[in-house]
Asker: 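Quick one: the structure is below, questions incoming.
Computed from a predicted model, the values in this text were never measured in an experiment.
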Amino acid sequence: IKLSYLNNISVLCNNIDDVELLFRTYTIDKIIVDNLAFCEDVINVLRFIEKMNDIYMSDITYMFHDYFSICPSFFLLDKNASFCNISKCGRNCILNSTFTCIKSCDDIYLWRKEWSKFFLQVKEFIFFSETTKKIVSKVYSSVQNGKIIEHEPLCEFCVEYVYPVDTKDLNIAFIGSFIPEKGSNYVIRLANYIDNKKINAKIFTFGDYNKKNINKKIKYIGKYNREDLPVLLNKYNIKVVAFLSPCPETFSYVVQECMQMKVPFVCFDIGAPAERIKKYKYPYANIINGWDEENIMKAIIDLDNRMQ
């Protein structure tokens, strides 16, 4: 909403009044709602778009980059960092959320009522995976005719990833922000399992991490530039990437990058990552059969054996 495009001209609007002035000044044929996750007052923004649509009859397209319309805690994780499966939603669920949550509304019933009303005015829904569409459709039947359009291919890497056949060490990588929403709890449990079982394996993390919560069994590499990713994977002789996000991702750049580089990786049977493995029959991946560290390690070892 803050950024509109008019004949290749970008107009930055700092508040709703500016957006309303834009509508009065120009003929707006189409409204693309790309992301409302960090608006201060989402419900009022939805009502404003509805109002503009009633007056100016613009076509509305909504993009499902996340599950924000289902819940202000848009990773859909319960207090144990597990997928909530939207089965026991209620006011306490939002209030007790310890994960990324936009708490401009703590009434899940009002939240979904407002989104449901807004969706009735949307002409086109865009999803980036079949999984996302199925999950959202459980809550909002009006989206069932939405289109599934996959993200465009990413830019090619200049350096190739090379599977390290000459090392006996099983080096495992976690790529991305090291937070529970992205699977840090599972990585820590996996590191403890490796240590307790005396398995010849090491875990490396590439991405942001909290220096106050360092686990000595994990080697933290830190931030990286995207173009350097294959260089780093080669440098640290990474054999398998562990993509352990517990939420049903609508899309994952990490997974797409792994597939692009032909990097072996494992993931849970949830969300767009698992869907892509099945759809494209990606040969260098393993879907984890369960959620515990034993099954995670088994999937990693089985995949590594296949790569030999």
Side-chain angles (χ1 to χ4, degrees), residues 75 77-83 98-100 161-226 228-247 249 252-255 257-258 261 263-270 273-274 284-308:
F75 283 103
L77 299 179
D78 61 22
K79 62 182 179 180
N80 299 314
S82 298
F83 175 42
T98 57
F99 303 105
T100 304
Y161 162 78
V162 180
Y163 179 81
V165 293
D166 296 330
T167 177
K168 293 182 180 179
D169 295 332
L170 177 49
N171 291 343
I172 304 162
F174 174 89
I175 301 172
S177 297
F178 197 71
I179 55 177
E181 293 94 319
K182 294 298 181 180
S184 63
N185 292 349
Y186 292 92
V187 177
I188 292 170
R189 290 202 287 268
L190 178 62
N192 291 333
Y193 181 82
I194 288 171
D195 185 58
N196 293 335
K197 296 294 183 179
K198 303 294 187 291
I199 299 171
N200 182 27
K202 298 176 184 177
I203 298 177
F204 299 77
T205 70
F206 302 89
D208 293 332
Y209 65 96
N210 187 340
K211 294 182 180 179
K212 295 180 181 179
N213 297 322
I214 290 179
N215 186 299
K216 294 180 180 179
K217 302 180 185 72
I218 300 170
K219 185 170 180 59
Y220 300 84
I221 307 303
K223 293 181 179 180
Y224 66 92
N225 295 319
R226 179 187 180 273
D228 295 331
L229 189 53
V231 176
L232 291 169
L233 296 178
N234 290 335
K235 177 181 178 180
Y236 292 99
N237 293 317
I238 300 300
K239 289 188 171 182
V240 177
V241 168
F243 184 82
L244 302 179
S245 173
C247 72
E249 302 276 359
S252 168
Y253 283 102
V254 171
V255 166
E257 287 166 346
C258 285
M261 292 185 289
V263 173
F265 73 93
V266 300
C267 72
F268 295 121
D269 192 5
I270 188 173
Y284 312 117
N286 227 357
I287 295 177
I288 303 163
N289 183 25
W291 295 88
D292 61 288
E293 50 270 33
E294 183 176 357
N295 275 307
I296 295 171
M297 196 68 229
K298 183 179 185 304
I300 291 171
I301 292 174
D302 288 349
L303 178 58
D304 183 53
N305 289 337
R306 274 168 36 200
M307 297 297 298
Q308 302 296 331

Asker: Apply ring pair (Phe, Tyr, Trp, His ring centres under 6.0 Å) to Y163 and list each qualifying residue two or more places apart in sequence or on a separate chain.
Answerer: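 Per chain and number, Y163 pairs via ring pair (Phe, Tyr, Trp, His ring centres under 6.0 Å) with no residue.
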Asker: When you look at E293 and N192, which way does the side chain to side chain contact (heavy atoms under 4.5 Å, CB included) test go after all the steps?
Answerer: CA-CA 9 Å; E293 50 270 33; N192 291 333; over 6 Å; no
Asker: If you count the non-hydrogen atoms of other residues, nucleotides and ligands that lie under 6.0 Å from CG in N289, is the total more than 12?
Answerer: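 At most 12 heavy atoms, drawn from other residues, nucleotides or ligands, come within 6.0 Å of this atom.
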Asker: Check the pair K202, Y236 against side chain to side chain contact (heavy atoms under 4.5 Å, CB included), reporting the backbone distance first and the verdict last.
Answerer: CA-CA 10 Å; K202 298 176 184 177; Y236 292 99; over 6 Å; no
Asker: Which class fits the ring pair F206 and Y224: parallel under 30°, tilted 30 to 60°, perpendicular over 60°?
Answerer: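 The arrangement is perpendicular - the two ring planes meet at more than 60°.
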Asker: After noting the C-alpha distance and the side-chain angles of N171 and K239, does the key distance pass the side chain to side chain contact (heavy atoms under 4.5 Å, CB included) rule?
Answerer: CA-CA 6 Å; N171 291 343; K239 289 188 171 182; 5.5 Å; no
Asker: Do the non-hydrogen side-chain atoms of I218 and V187 ever get within less than 4.5 Å of each other?
Answerer: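 A side-chain contact exists here, since the closest heavy-atom pair is under 4.5 Å.
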Asker: Can you tell me if D292 uses its side chain to pair, donor with acceptor, with the backbone of N295 under 3.5 Å?
Answerer: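 Yes; judged by distance alone, with no hydrogens or angles, the pair exists.
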Asker: Keeping N234 on the side-chain end and V162 on the backbone end, is there a donor-acceptor pair under 3.5 Å?
Answerer: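 Indeed, once roles are kept as given, a pair shorter than 3.5 Å links the two residues.
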Asker: Between Y209 and I221, does a side chain to side chain contact (heavy atoms under 4.5 Å, CB included) hold up when you go through it step by step?
Answerer: CA-CA 9 Å; Y209 65 96; I221 307 303; over 6 Å; no
Asker: Using 0.5 Å steps for rounding, measure from the OG atom of S82 to the CG atom of L77.
Answerer: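 Interatomic distance, S82 OG to L77 CG, rounded to 0.5 Å: 7.5 Å.
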Asker: Can you sort out the partners of K217 under salt bridge (Lys or Arg N to Asp or Glu O under 4.0 Å), two or more places apart, ordered by chain and number?
Answerer: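 Counting only residues at least two positions away or on another chain, K217 forms no salt bridge (Lys or Arg N to Asp or Glu O under 4.0 Å).
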Asker: How long is the span from the CE atom in M261 to the OH atom in Y161, to the nearest 0.5 Å?
Answerer: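 The OH atom of Y161 is 9.0 Å from CE of M261, to the nearest 0.5 Å.
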Asker: Roughly how far apart are I203 CD1 and Y193 OH, rounded to 0.5 Å?
Answerer: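 I203 atom CD1 to Y193 atom OH measures 12.5 Å (nearest 0.5 Å).
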Asker: Compare every heavy atom of N185 with every heavy atom of A81, then report the nearest pair and how far apart it is.
Answerer: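 Result for this residue pair: CB-ND2, 3.8 Å.
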Asker: Do N200 and D169 come close enough that some side-chain heavy atom pair is under 4.5 Å?
Answerer: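 N200 reaches D169 side chain to side chain.
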Asker: To check you understand the geometry: which heavy-atom pair defines the closest contact between A201 and I172, and what is its length?
Answerer: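 Scanning both residues completely, I find the closest heavy atoms to be CB-CD1, 4.2 Å.
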Asker: If you measure from CD1 on I300 to CZ on F265, what distance do you get to the nearest 0.5 Å?
Answerer: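 Interatomic distance, I300 CD1 to F265 CZ, rounded to 0.5 Å: 12.5 Å.
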Asker: State, to 0.1 Å, how close P273 and S252 come at their nearest heavy-atom pair, and which atoms those are.
Answerer: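 Minimum heavy-atom contact is CG-CB, 4.1 Å.
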Asker: Where do P264 and L303 come nearest, in terms of heavy atoms and distance?
Answerer: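 Nearest pair, atom of P264 first, then L303: CB-CD2, 3.8 Å.
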Asker: Mind checking the CG-CD1 spacing from D302 to I288? Nearest 0.5 Å is all I need.
Answerer: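 The distance works out to 11.5 Å.
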Asker: Could you check whether the rings of Y220 and F178 sit parallel, tilted or perpendicular, using 30° and 60° as the cut-offs?
Answerer: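 Aromatic pair Y220/F178 classed perpendicular.
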Asker: In Å, rounded to the nearest 0.5 Å, how long is the span from CD of E257 to CZ of F243?
Answerer: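 The CZ atom of F243 is 10.5 Å from CD of E257, to the nearest 0.5 Å.
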Asker: Which atom pair, heavy atoms only, marks the closest approach of A299 to N286?
Answerer: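 So the two residues come closest at O-ND2, 3.0 Å.
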Asker: So which atom in P246 and which in I270 form the shortest heavy-atom distance, rounded to 0.1 Å?
Answerer: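 In terms of heavy atoms, the two residues are closest at O-CD1, 3.6 Å.
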Asker: Are the aromatic rings of F268 and F83 close, with centres under 6.0 Å apart?
Answerer: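 No - the distance between ring centres of F268 and F83 does not fall below the 6.0 Å cut-off.
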